[in-house]
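Step one of this worksheet: look at the structure below.
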Protein chains: 2
Amino acid sequence: MKMHNPPHPGEVLRELCFEPLGITVTAAAKALGISRKTLSAILNGKAGISPEMALRLSKAFDTSPESWLNQQMHYDIWQAEKVHKDLKVQKLAVA
Amino acid sequence: MKMHNPPHPGEVLRELCFEPLGITVTAAAKALGISRKTLSAILNGKAGISPEMALRLSKAFDTSPESWLNQQMHYDIWQAEKVHKDLKVQKLAVA
DNA sequence: ACACGTGAAACGTATCACGTTACGTTCATT
DNA sequence: AATGAACGTAACGTGATACGTTTCACGTGT
């Protein structure tokens, strides 16, 4: 199973949660208890979703922290695969 | 669904992958292309599994990076819930 | 007794999340 | 036209974390 260019979790957040609610970034940041800059960075793909942030989102939107961190994980793996294409690792388990 | 004290991914690594193979930490680190210290820290719960490390493990053991980062994610969430018990967040979505 | 593998600590570097403060732009209301 | 809200962004500092090299102390086997 391949992942093709997974979206940044921040974009998903914006499109799936914030835009439907019509809430401003400023207000949302205040509700989440974080700074506007931090939220802005996430929504614009400049920052990832930390475990603590996943907790906040799960409480605000009545979801699971896992759902947010899973997106972040897939994004991170995809990024890591791009950057570390030439990763030389010896096989340790029998084939 | 609650997670009760999920094990540190490093312990799982040690018990499920390294002990059965009877490989030394030094040799495994060399095979993975990382320092012995870094591997030691992971196996002893002093460091987490980074996306890049998950990639290395997946190549060495013919598994998926997701399986490793998933463990790390659950561990991180559990930790975050312990530390940030009193997280005041306003509900944003309708109940 | 000596060498080797191991765990762990100290130290340095790089990256990243996060906060505060500040600036410029755009848009809407006055 | 002017005021203020909302937004993106930059600078700066802090703390956490991953990673490396070096070093030290504890074992075990030769």
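Excluded from the calculations below are hydrogen atoms, water molecules and symmetry mates; all remaining heavy atoms, backbone and side chain alike, are included.
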*asked:* Classify L43(B) by what it touches in the nucleic acid, base, sugar-phosphate, or nothing, heavy-atom distance under 4.0 Å.
replied: nothing
_Exam field: side chain H84(A) to backbone R56(B), donor-acceptor pair closer than 3.5 Å_ = no
_Side-chain N or O of T24(A) closer than 4.0 Å to phosphate OP1/OP2 of dA5(D)_ = no
_Please report the distance, rounded to the nearest Å, between CG in N44(B) and P in dA18(D)._
14 Å
_Overall bend - the helix from dA1(C)-dT30(D) to dT30(C)-dA1(D), comparing terminal axes fitted on five pairs, nearest 10 degrees_ = 10°
*asked:* Using 30° and 60° as the class boundaries, would you call the ring planes of F18(A) and F61(A) parallel, tilted or perpendicular?
replied: tilted
_Both R36(B) and Q72(A) contact DNA chain C. Taking the nearest nucleotide for each, which residue is further toward the 5' end?_
R36(B)
*Given the rule that I, L, V, M, F, W and Y join up when any side-chain heavy atoms are under 4.5 Å apart, are L87(A) and I77(A) in one cluster?*
yes
*Rounding to a whole Å, what distance do you find between I34(A):CD1 and dC7(D):P?*
13 Å
*How long is the line joining CD1 of I49(B) and P of dA18(D), in whole Å?*
10 Å
*Think K46(A) has a side-chain N or O under 4.0 angstrom from the OP1 or OP2 of dT9(D)?*
yes
*Tell me whether V89(A) is reachable from I42(B) by hopping between hydrophobic residues (I, L, V, M, F, W, Y) whose side-chain heavy atoms are closer than 4.5 Å.*
yes
*State yes or no: do I49(A) and L92(B) share one hydrophobic cluster built from I, L, V, M, F, W and Y residues joined by side-chain heavy-atom distances below 4.5 Å, directly or via other members?*
yes
_For a quick check of understanding: with a heavy-atom distance under 4.0 Å over all strands, which category does R56(B) fall into, base, sugar-phosphate or nothing?_
nothing
*asked:* For a quick check under 3.5 Å, do W68(B) and T63(B) share a side-chain donor-acceptor pair by atom type?
replied: yes
_Whole angstrom value for the distance that separates P of dT9(D) from CD1 of I42(A)_ = 14 Å
*Figure out the CG/P separation between L57(B) and dA18(D), and round it to whole Å.*
13 Å
*Would you grab the first and last nucleotide of DNA chain C (5' to 3') that comes under 4.0 Å of any non-hydrogen atom in chain A?*
dA17(C) to dA22(C)
*asked:* Side-chain heavy atoms nearer than 4.5 Å, only ILVMFWY residues, links allowed to pass through others: does that put L55(B) and L13(B) together?
replied: yes
*Among dG20(D), dA18(D), dA11(D), which is the nearest nucleotide to the side chain of K37(A)?*
dA11(D)
*What closest approach, in Å, do M73(B) and N70(A) show between heavy atoms, and which atom pair accounts for it?*
SD-N, 3.7 Å
*Using the test side-chain hydrogen bond (donor to acceptor under 3.5 Å, both in side chains), find all partners of E15(B) that sit at least two apart in sequence or belong to another chain.*
none
*Please check if M53(A) and I23(A) belong to a single hydrophobic cluster, counting links between Ile, Leu, Val, Met, Phe, Trp and Tyr side chain heavy atoms closer than 4.5 Å.*
yes
*Grab the CD-C1' distance between E52(A) and dA16(D) for me, whole Å please.*
12 Å
*Grab the NE2-C1' distance between H8(B) and dT17(D) for me, whole Å please.*
12 Å
_Contact under 4.0 Å: S50(B) side-chain N or O vs dT17(D) OP1/OP2_ = no
_Rounded interatomic separation in angstrom, taking CG from L87(A) and P from dC19(D)_ = 11 Å
